[in-house]
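By convention in this document, chain letters (A, B, ...) are assigned in the order of the sequence lines, proteins followed by strands, and residues within each chain are numbered from 1.
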Amino acid sequence: MQIQIPRGTYDVLPVDAFAWQKIEKTAREVCALFNYKEMRTPIFESTNLFQRGVGDTTDIVQKEMYNFKDRGGRDLTLRPEGTASFVRAYVEHKLFGLPSQPQKLYYIGPMFRYERPQAGRMRQFTQFGAEALGSADPSIDAEVIALAMTFYQKLGLKSLNLVLNSLGDPESRAAHRDALIAHFKPSIGEFCEDCQNRLEKNPLRILDCKEDHDHPLMATAPSIIDYLNEESREYFAKVKAILDEMGIAYELDPTLVRGLDYYNHTTFEIMGASKGAITTLMGGGRYNGLVSELGGPETPGIGFALSIERLLLALEVEGVQLSAAPSLDCFIVAIGEKAENKAPVLLNQLRQSGLYADKDYMERKVKGQFKQADRDHAKFVVVIGDEELEAQKAVVKNMADGTQEDVAFASLTDYLKEKLTTIDGVK
RNA sequence: GCGGUUAUGGUGAAGUGGUUAACACACCGGAUUGUGGUUCCGGCAUGCGUGGGUUCGAUCCCCAUUAACCGCCCCA
């Protein structure tokens, strides 16, 4: 029986790989622009890193983790997100001790969550994320958001909606939490089972519930904004002011609660088009307690993560075409046995001189070889046969206008390079 | 994890309980003994997701299983 790809995974086929390269390149360029450095961490980590880092009450830890025991009995997990690993590495390598603070870092790589697959939701998916560790300056909150926005804009995405909220500091959160419990507790029986469980564990998440969205108590629920203490309120005001000055539009949503436990203060999402619906393209927020939670010194942090898969979907929905892969400079058409023997040698010479070149390997007839040249979008075809070998020259055909000329083998690469320069201005 | 829909060649997609599984595109070849994107002609599924069952006989009926898609949940 044929072996199939595991559920929730997919292959990026050659036709699609160029779009991925383009996206990754854009991400790296934008990070360079904002002075974020790449860091690479393992794809699996100790399971308890995520239990402590992401939070035991989250869906991710409770039901979505790919965990396994290795041969040494270690309890490991395929990373479901990037922040916990980055904070672990930051603490483990004592990056907090480096003179250069904050540490501004980014990653691009696969994440794993055991979920029911759907468009834009895979078991292995790819996140591009950035984290700034070591600064509690509100301008870095704005910077991280600006980085993501810049990235999307460079790729040509238009319909983006930035949603903003503040969860406040631990003191504010605790006060709000108490208020929420007091608000919902008397009538909690009218809510869904999930919400009943959420009441004591994480009442904030009740606000996020779609099932009970229309319950009258939702509209009158205490808003976190009203429970922010002086310091938290000021901090949020500064972040908003900087975004205003930058000209980055946002929408305030006091019910924006993120799925990970470590967030406090600023949280945000960018919503965008997807197949048939609007979904979250990017999510992030501040996590000031996480570094110390994972054994480091009290250190503020903030970051975001976005999904390349969802970005691709959004680009498709908006009709944005990422330009195609580079085409071939020339293709050798060989006719007859002598020419077929000569072709690989000539081909190698062309390649050594820096030309993108190829030939036929399917013993096709002349017509078939030309068709292949056409499929590869070759700009020139170099034809060789008995006559050409005799005269030490080739027939070079310009595929765009159909003209052709005789060119001596000795001057073939110079000829092609010159012609190509006039075509695309490079080389 | 729950509910719904689906599964036929490289691709899109018809179809029937019974010797040959439409059609289109793509591909290969020929018309044009050495030239692409147009046209005409020809070729191209020992096989109908996988496993089992019913039957004289199943791609078509039944069961299971796997996967994809959509909705819920949740999120990137």
Side-chain angles (χ1 to χ4, degrees), chain A residues 1-10 13 15 54 58-64 79-83 108-129 148 192-195 197-198 205 208-213 256-260 268-272 274-277 279-284 303-314 328 331-336 339 360 362-388 394-404:
Chain A
M1 193 183 102
Q2 205 179 1
I3 295 172
Q4 290 178 311
I5 195 168
R7 181 153 210 216
T9 66
Y10 58 92
L13 299 176
V15 277
V54 178
T58 60
D59 279 6
I60 290 178
V61 171
Q62 287 188 338
K63 52 186 192 189
E64 295 174 3
R79 63 182 186 189
E81 58 104 50
T83 304
I108 303 173
M111 303 295 163
F112 305 83
R113 291 184 199 174
Y114 190 90
E115 291 190 276
R116 192 77 179 260
Q118 249 177 59
R121 197 175 69 183
M122 296 284 118
R123 287 183 174 179
Q124 175 175 334
F125 60 105
T126 313
Q127 283 191 336
F128 159 41
C192 74
E193 200 178 319
D194 282 341
C195 283
N197 289 328
R198 286 168 181 147
R205 303 281 298 281
D208 218 17
C209 181
K210 297 203 172 63
E211 196 163 331
D212 295 318
H213 189 261
L256 174 63
V257 178
R258 312 241 50 259
L260 290 72
F268 48 85
E269 281 187 6
I270 292 178
M271 313 294 285
S274 182
K275 284 255 169 74
T279 57
T280 306
L281 295 178
M282 180 222 73
F304 74 81
L306 62 86
S307 148
I308 310 273
E309 287 79 2
R310 288 188 181 179
L311 165 60
L312 248 13
L313 243 31
L328 220 48
F331 189 95
I332 297 177
V333 169
I335 304 152
D360 171 66
M362 299 304 287
E363 298 181 334
R364 290 189 180 91
K365 300 287 163 43
V366 176
K367 183 177 178 145
Q369 295 190 49
F370 266 87
K371 284 191 95 166
Q372 183 56 38
D374 205 44
R375 278 190 286 261
D376 281 333
H377 307 296
K379 297 186 185 94
F380 291 92
V381 164
V382 172
V383 185
I384 53 173
D386 289 343
E387 292 170 34
E388 287 77 13
V395 173
V396 178
K397 177 168 182 174
N398 181 331
M399 294 294 273
D401 59 22
T403 61
Q404 50 185 52

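The base of B/rG1 lies outside donor-acceptor range of the side chain of A/E115, with no N or O pair under 3.5 Å. For A/R113 and B/rA76, a side-chain-to-base donor-acceptor distance below 3.5 Å is present, hydrogens and geometry of angles not being considered. With hydrogens and angles ignored, no donor-acceptor pair closer than 3.5 Å exists between the side chain of A/Q369 and the base of B/rU35. No hydrogens or angles were tested; on distance alone, nothing pairs the side chain of A/K367 with the base of B/rU35 as donor and acceptor under 3.5 Å. In terms of polar N and O atoms assigned as donor or acceptor, the side chain of A/R121 comes within less than 3.5 Å of the base of B/rC73 in a complementary pairing. For a distance-only test at 3.5 Å, the side chain of A/R310 qualifies as a donor-acceptor partner of the base of B/rC75.
The distance from atom CG of A/D374 to atom P of B/rU38 is 9 Å, rounded to the nearest whole Å. One interatomic measurement links the two molecules: CE of A/M122 to P of B/rA67, which rounds to 13 Å at whole-angstrom precision. Counting to the nearest Å, the P atom of B/rU32 and the NZ atom of A/K371 are 17 Å from each other.
Spacing of C1' atoms, B/rU5 relative to B/rG18, comes out at 31 Å, to the nearest Å. The same atom, C1', is picked in B/rU38 and in B/rU19; the two are 41 Å apart, to the nearest Å. The same atom, C1', is picked in B/rG12 and in B/rA22; the two are 14 Å apart, to the nearest Å. When the P atom is used for both B/rU35 and B/rG29, the distance is 13 Å, rounded to whole Å. When the P atom is used for both B/rG71 and B/rG47, the distance is 37 Å, rounded to whole Å.
For the OP1/OP2 pair of B/rC27 and a distance below 4.0 Å, the side-chain nitrogens and oxygens of A/R375 include at least one atom meeting the criterion. Listed pair A/R7 / B/rA68 meets the phosphate criterion, a side-chain N or O lying under 4.0 Å from OP1 or OP2.
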> So what does the secondary structure string of RNA chain B come out as, 5' to 3', with Watson-Crick or wobble pairs under 3.5 angstrom, [ ] for crossing and | for pairs with another strand?
Replying inline: (((((((..(((.....[....))).(((((.......))))).....(((((..]....))))))))))))....
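Taking the six-membered ring wherever Trp is involved, the centroid distance between the rings of A/Y10 and A/F125 does not fall below 6.0 Å.
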